[in-house]
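We use all heavy atoms of the structure for the numbers below, so side chains are in, but hydrogens, waters and symmetry mates are not. Within every chain, numbering begins at 1; the chains are lettered A, B, ... in the order of the sequence lines, protein sequences first and strands thereafter.
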Number of protein chains: 4
Amino acid sequence: MTIDLEALYIDLHQHPELSFQEHRTAAIAAGHLRDLGLEVEEGVGGTGVVALLSNPSTDSGTEGPVVWLRADMDGLPVEEATGLPYASTARGVDPAGHDVPVMHACGHDMHVTAMIGAVERLLATRDEWSGTVVVLIQPAEEFGAGARAMLDAGILDRYPRPDIVLGQHVTPFPAGIIGVRSGTQMSASDGLTVTMHGRGGHGSRPHTTIDPVVMAAATVMRLQTITSREIDPKDVAVVTVGSIHAGLKNNIIPTEATLELSLRYPTDTMRDKVLASVERIVKAEALASGAEREPDIETLHTLPATINDEEATTRVAAALRAKLGDEAVIDPGLFTGSEDVSWFARDAGAPLVFWFWGGFDPAVFAEAVAKGRVESDIPTNHSPYFAPEIHPTIEVGVTAMETAAREFLA
Amino acid sequence: MTIDLEALYIDLHQHPELSFQEHRTAAIAAGHLRDLGLEVEEGVGGTGVVALLSNPSTDSGTEGPVVWLRADMDGLPVEEATGLPYASTARGVDPAGHDVPVMHACGHDMHVTAMIGAVERLLATRDEWSGTVVVLIQPAEEFGAGARAMLDAGILDRYPRPDIVLGQHVTPFPAGIIGVRSGTQMSASDGLTVTMHGRGGHGSRPHTTIDPVVMAAATVMRLQTITSREIDPKDVAVVTVGSIHAGLKNNIIPTEATLELSLRYPTDTMRDKVLASVERIVKAEALASGAEREPDIETLHTLPATINDEEATTRVAAALRAKLGDEAVIDPGLFTGSEDVSWFARDAGAPLVFWFWGGFDPAVFAEAVAKGRVESDIPTNHSPYFAPEIHPTIEVGVTAMETAAREFLA
Amino acid sequence: MTIDLEALYIDLHQHPELSFQEHRTAAIAAGHLRDLGLEVEEGVGGTGVVALLSNPSTDSGTEGPVVWLRADMDGLPVEEATGLPYASTARGVDPAGHDVPVMHACGHDMHVTAMIGAVERLLATRDEWSGTVVVLIQPAEEFGAGARAMLDAGILDRYPRPDIVLGQHVTPFPAGIIGVRSGTQMSASDGLTVTMHGRGGHGSRPHTTIDPVVMAAATVMRLQTITSREIDPKDVAVVTVGSIHAGLKNNIIPTEATLELSLRYPTDTMRDKVLASVERIVKAEALASGAEREPDIETLHTLPATINDEEATTRVAAALRAKLGDEAVIDPGLFTGSEDVSWFARDAGAPLVFWFWGGFDPAVFAEAVAKGRVESDIPTNHSPYFAPEIHPTIEVGVTAMETAAREFLA
Amino acid sequence: MTIDLEALYIDLHQHPELSFQEHRTAAIAAGHLRDLGLEVEEGVGGTGVVALLSNPSTDSGTEGPVVWLRADMDGLPVEEATGLPYASTARGVDPAGHDVPVMHACGHDMHVTAMIGAVERLLATRDEWSGTVVVLIQPAEEFGAGARAMLDAGILDRYPRPDIVLGQHVTPFPAGIIGVRSGTQMSASDGLTVTMHGRGGHGSRPHTTIDPVVMAAATVMRLQTITSREIDPKDVAVVTVGSIHAGLKNNIIPTEATLELSLRYPTDTMRDKVLASVERIVKAEALASGAEREPDIETLHTLPATINDEEATTRVAAALRAKLGDEAVIDPGLFTGSEDVSWFARDAGAPLVFWFWGGFDPAVFAEAVAKGRVESDIPTNHSPYFAPEIHPTIEVGVTAMETAAREFLA
């Protein structure tokens, strides 16, 4: 009667869905949660799922503490290259209307699987604790938009407000390792779309045009200097141009070029500085090309820093150490990645604890460390080679989520 | 009973079709040619049309001279911005499967229209001449592939071989002006697709990746130095990166970037030099990025120089001067644009005459010249603003083609 | 009979000398040390000065602990722009034979002044302590070469070997503040000279040349990507091109270009990575230009990380707190700057403590902090505006050096 | 009693002098001209020499036609690498005060030698012609300033005004070949100095600076796009950055960078366009860096196009063909190099004929042509390998100048 978590994981992995299109994934998760006896709402903020597990204290008769557990479920437009027997061959249509490959390259399939497993365990031990668990299966984390959408759908009004928000992310640590720290755990981030305007024309007559390809290329090169020259080498900032698109044909000089930027920084001060530098460079490079129109800079998403509450994090870390052993819990340092999980805690005014759990073969990891090749040999999240080991990753994820939740349930 | 050429032009303009997809256009052209009484073959080399007008000498009983008249008919993936009442709103699917706007931004609609008009006139005057006219309505000039496809379909074996090949192109000259020169009229050209291989990963962790966006941007900047530093300033060469594409999302560093290049040069020596420089730079920039795999460089098309036969060109120019006035025929100099029309002449071993005819309001032109703003104010071929005046452009195109043909028909 | 330290400082400030040319400075320092009664050796490793202050314990009759105190004394090729009444107008001849301005833009004049003051104080209190003080006035810290030169001159054989090596550096902190930390205090550093070989020729005929100016410019742009793309954003590394030189005349394309690089990193692993990246990029950019000869990469200097001994640093920090107040001593974090002071400790196998002391008006500092303009408003070392406040900077420097030395003298 | 022209050439070649410093060269030339019996003035416009050879017609008693013959005499800051036994090892001090190597890398030593030889011949044949010859030995052609200086010294007022101005330049053609054309023979040119302002600081703290090295490098890369993208590929324009200088030391980020540009174009329209593009790019790149001050753009020199008078050129070409054979005189096309010789003709309102004569071994040349390696194997003017064959270059230069002069002398 137990859910086959391995089968669930493989199924989700083979059927990744792009952000806000997670219909199948949401239905499967909702189905399991409903089967487990939870009260389930679907279609929250698009494709989000909320499930309520109420376990009031028989002694006091009170509701007890309210714990929000969050998992995200969207895949990415990446073509899987892991060579696994259960590798994804899925396709999807991205917001620009392009047919693209889809892959669970960030491990959200593992997040959903571990959440289902953790809920099952909490149910199995429900007489050991009391309180209220709200399970959130969130869409579109990769757009930095899904948490916002669920909150905008009014969940704070319809569900018990949290005393604590908990979330976790699978990551390229050795399986068995949990990384968590107080304070800033993940960077703030902005996603920008920059459209640079040239003047199109025939590829053989560049002098009649303002070439947006050259304009964009010069801009990309110049944007590198923000981190190389403008940010204190001791500070952490990232300026990535994740996509560049211009032109449909080799012999037509197009009219515009589009860059998509991903920016990362741990503080608001640095955010202001980096955004100002990006704007300055983009505008100046358009001027250098003689552009007749200023570039457009549009914000795709703004993610706040993921800041773990000090007291709650100390409790979670201690509980995990007690469960998994002292060596199993490390301070992973600041991550340059970003998350939208903290919107739940921020909007609710509740503390947040968000941690990472390792999913990779410790032997492979040890070898990479020995060779000084961790960065090149261990596929990172979003890589087409990203592939957590199924076991014990599922089990550790289930245990971590259950243990952390229990820490706050009476 | 005369064909309404203005209506034909507007209809074609409103329904542009991408290369090798010119089904509607070909059917319309074939219909008119058949209605005029010619023997018509469709589907030649994809969507090409060949029509035969046999007008043997009643005196000698011989076939007489064979004249091949060629027009091309494909549109381009450009979004029309002319604001004309008959502007195109058409869409198409390009070879990469993208849904794209389509426009007759190179005036091939005018070429087909003028060809139909010229054939009608030749028929009307058929007792003034004798010989054989082979009309070629060619697909996919913009791919540099349509002429090749028609030849590979065996037309040299099935139709009388030409004594002369004639073609024309509408261009941003004042209406009424014909430009033609002996020798090299248009440049040779290669279209290349360059794929640069990086290593993908999360946008917040650039150090685990080899960023193909930066690799491609550096390559674009370096490619500029071929013409700025390596080619004799007195020579003519063009290195255009007409498209650049990498990445699907701001926070994923992609695995590869694709550049499409259009190269132009009047001679084989320079072709060798430019191709070698492109290859050297592309490979070196991949090395500079630490790429783990060499870039792929694929040739999309190779177009020879369009070289007008000296004697035949002298005859055509004289005939046009006699018809249109001395001032109407100019030497336009070498064009950096390229054409695949010369494959017909090269394969047949026949002389070629290919000329340009102006399609723009002489008053607007004169004003642009006076202001020294021809390059910026007069939209060039492939511009989203390219829009020949309907009249007298059609009439001059008809007259020019008829006159040139008659020069070689007994 | 006390030395006028303000006058000494102003005199040194007005007469800065370039590395290994500190004849006047060395003579003045040696004069004072000799006047104070120390045994002085000059010309050590070029222009270095060593002075011995022996104060054996009268009780035990032993030599007591041996403390090496080090100051550096060279100026920099910077044109002073402070506008101070005592600003330098000095000139010097650099190793390339160029006549250049010279300035104490790194505060070494303050180091020498504070050292003389500290020795004077140690003498005044000599019955309160016993032991041996070796004073090192070092040349050419800015070349990363002076410490090495003094060691190569055999001072470890001729002088009592140290139990501890102490040094200090004036820095843009508020006056009164001392910054010191255990472990890595300053980065390792390499100075490289890169010579890129082109082919010269006439400025109007670039195609007959291989332009080293373009080659060097492309290389500078590409070198930015080491820190922006290849180094973990959470790590600290700096790749600075401090000088670029090519060409003598606008209309001659030169045969070569020279770049001087300053590289910084806290660890050997990162050093290997950055050096490999620099070499890869420099070579690839030469290939991209079609260079006929590989670039030459020469190491100007290699500086190890400045690593403070944990136990000794704890003692120094405690002594300074006791003397100056708890708030006066901070952990300044890792500096990306580098020093050659650690060669003395490394060669001797002795612990090192090296600290920073502030020299800038606290009010100005507080205003800059309030405005978030510390980086732009407070001139950093090597800036033409670098100008420590004379008081209390001298006094704090004297006290800090005396206090730290006394901590180790019995 | 004949002058040993080979010895003269070798002597001049071994003692090149920088622009406006040609004291020895001028004295030698003046000495020979005086020995030949001409009336000589020295120190004209700095180091210029003017010599008058008056040979009035005995028949008519009139002065006869006035012919100005011009040669230039300055060397260049290039280190000779020819390996010739008479190679220069000279040094000089350039305007910036730098000690630099000096070489006759542009062949002006040959110009002076041929001029002395031609005057000697004209004297030897003085009863075959009548008229007035004014010999101009000009300084500082390489600064584009010597002709201007001589004119500003009033030579038009003190000497008979010319009916024709003649000049010649040795060039990498096969010896025996003369190249001359009517109309624009050499391009107009501007020399610019661009100073870009950053903010200096310590090499380890780039974020406190505005790095002018990166600013200048980005500018150099962007300047390439003027010719690659903004100028009609069929037009001739050159944008060369002949020198780049910034910084004195690897670990100091300097406050400014200096670029020296050489620009070439055949027409004023293109001059305006290129100058505007340079200014636009330089300013925009400063903005992209966040520079606090606009760059300074200073004009070093402005040279007009060298335009040969049509009628006079036809006469000279015919005379040279008659003397040297038809094949010896070619149309060399437009040169992208520039000259200040035309100031003499422009100020005097007289026609100009300026031609090139070859100085290189025809066999070597033929081999380079056969291998398609002329550009790389034949050293161009300003190359450190530039080395005309002594014979017959001197003889052809003498004959050409004498023949052209005689064409205009009665």
Student: Tell me, for Glu292(C) versus chain D, whether the close heavy atoms (under 4.5 Å) come from the side chain, the backbone, both or neither.
Tutor: neither
Student: Go through the atoms of Ile244(C) and report whether side chain, backbone, both or neither lie under 4.5 Å from a heavy atom of chain D.
Tutor: both
Student: Give me the atom names and distance for the closest heavy-atom approach of Thr380(C) to Gly201(D).
Tutor: CG2-CA, 3.9 Å
Student: Between Thr219(C) and chain D, which part of the residue has a heavy atom less than 4.5 Å away: side chain, backbone, both or neither?
Tutor: neither
Student: Please identify, among Ala216(D), Gly337(D), Ala217(D), the residue contributing the most non-hydrogen atom pairs under 4.5 Å to chain C.
Tutor: Ala217(D)
Student: Would one find more than 12 heavy atoms of other residues, nucleotides or ligands at under 6.0 Å from atom CD of Gln21(D)?
Tutor: yes
Student: Which atoms of His207(C) come close to chain D, meaning under 4.5 Å heavy atom to heavy atom: side chain ones, backbone ones, both, or neither?
Tutor: both
Student: For the CZ atom of Arg205(D) and the CZ atom of Phe335(C), what is their distance to the nearest 0.5 Å?
Tutor: 6.5 Å
Student: Given that the side chain runs from C-beta out, which part of Asp94(C) has a heavy atom under 4.5 Å from chain D: side chain, backbone, both or neither?
Tutor: side chain
Student: Does any part of the side chain of His301(D), heavy atoms only, come nearer than 4.5 Å to the side chain of Asn250(C), both counted from C-beta?
Tutor: yes
Student: For chain D, which of Ser189(C), Ala218(C), Cys106(C) has the most heavy-atom pairs under 4.5 Å?
Tutor: Ala218(C)
Student: Grab the two heavy atoms, one from Gly242(D) and one from Pro254(C), that are nearest each other, plus how far apart they are.
Tutor: O-CD, 3.4 Å
Student: Considering only heavy atoms and a distance below 4.5 Å, find which of Thr336(C), Ile210(C), Leu261(C) pairs most often with chain D.
Tutor: Thr336(C)
Student: Considering only heavy atoms, which portion of Val78(C) lies under 4.5 Å from any heavy atom of chain D: side chain, backbone, both, or neither?
Tutor: side chain
Student: Please report the shortest heavy-atom distance between Ser383(C) and Gly200(D), naming the atom on each side.
Tutor: CB-O, 4.4 Å
Student: Is the shortest side-chain heavy-atom distance between Thr208(D) and Pro379(C) below 4.5 Å?
Tutor: no
Student: Checking Leu263(C) against chain D: side chain, backbone, both or neither under 4.5 Å from a heavy atom?
Tutor: neither
Student: Identify the heavy atoms of Pro77(D) and Ile252(C) that sit nearest to each other, and give their distance.
Tutor: CD-CD1, 4.2 Å
Student: Heavy-atom distances under 4.5 Å only: say whether His98(D) touches chain C with side chain, backbone, both or neither.
Tutor: side chain
Student: Given the options Ser204(D), Gly191(D), Ser243(D), which has more heavy-atom pairs under 4.5 Å with chain C than any of the others?
Tutor: Ser204(D)
Student: Do you know which two heavy atoms are closest between Leu248(C) and Glu260(D), and how far apart they sit?
Tutor: O-OE1, 4.1 Å
Student: Give the C-alpha distance, both sets of side-chain angles, the deciding distance and a yes or no for side chain to side chain contact (heavy atoms under 4.5 Å, CB included) between Lys249(C) and Phe143(D).
Tutor: CA-CA 9 Å; Lys249(C) 204 160 175 327; Phe143(D) 283 0; 3.9 Å; yes
Student: Non-hydrogen atoms of chain C under 4.5 Å away: do they reach the side chain of Glu142(D), the backbone, both or neither?
Tutor: both
Student: Using non-hydrogen atoms and a 4.5 Å limit, figure out which bit of Val214(C) sits close to chain D: side chain, backbone, both or neither.
Tutor: both
Student: I'd like to check Arg264(C) versus Asn251(D) (side-chain heavy atoms, cut-off strictly below 4.5 Å). Are they in contact?
Tutor: yes
Student: Are Val238(D) and Pro206(C) side-chain neighbours, meaning at least one heavy-atom pair lies under 4.5 Å?
Tutor: yes
Student: Out of Gly247(D), Gly203(D), Ala246(D), Gly144(D), return the one with the most heavy atom pairs under 4.5 angstrom to chain C.
Tutor: Ala246(D)
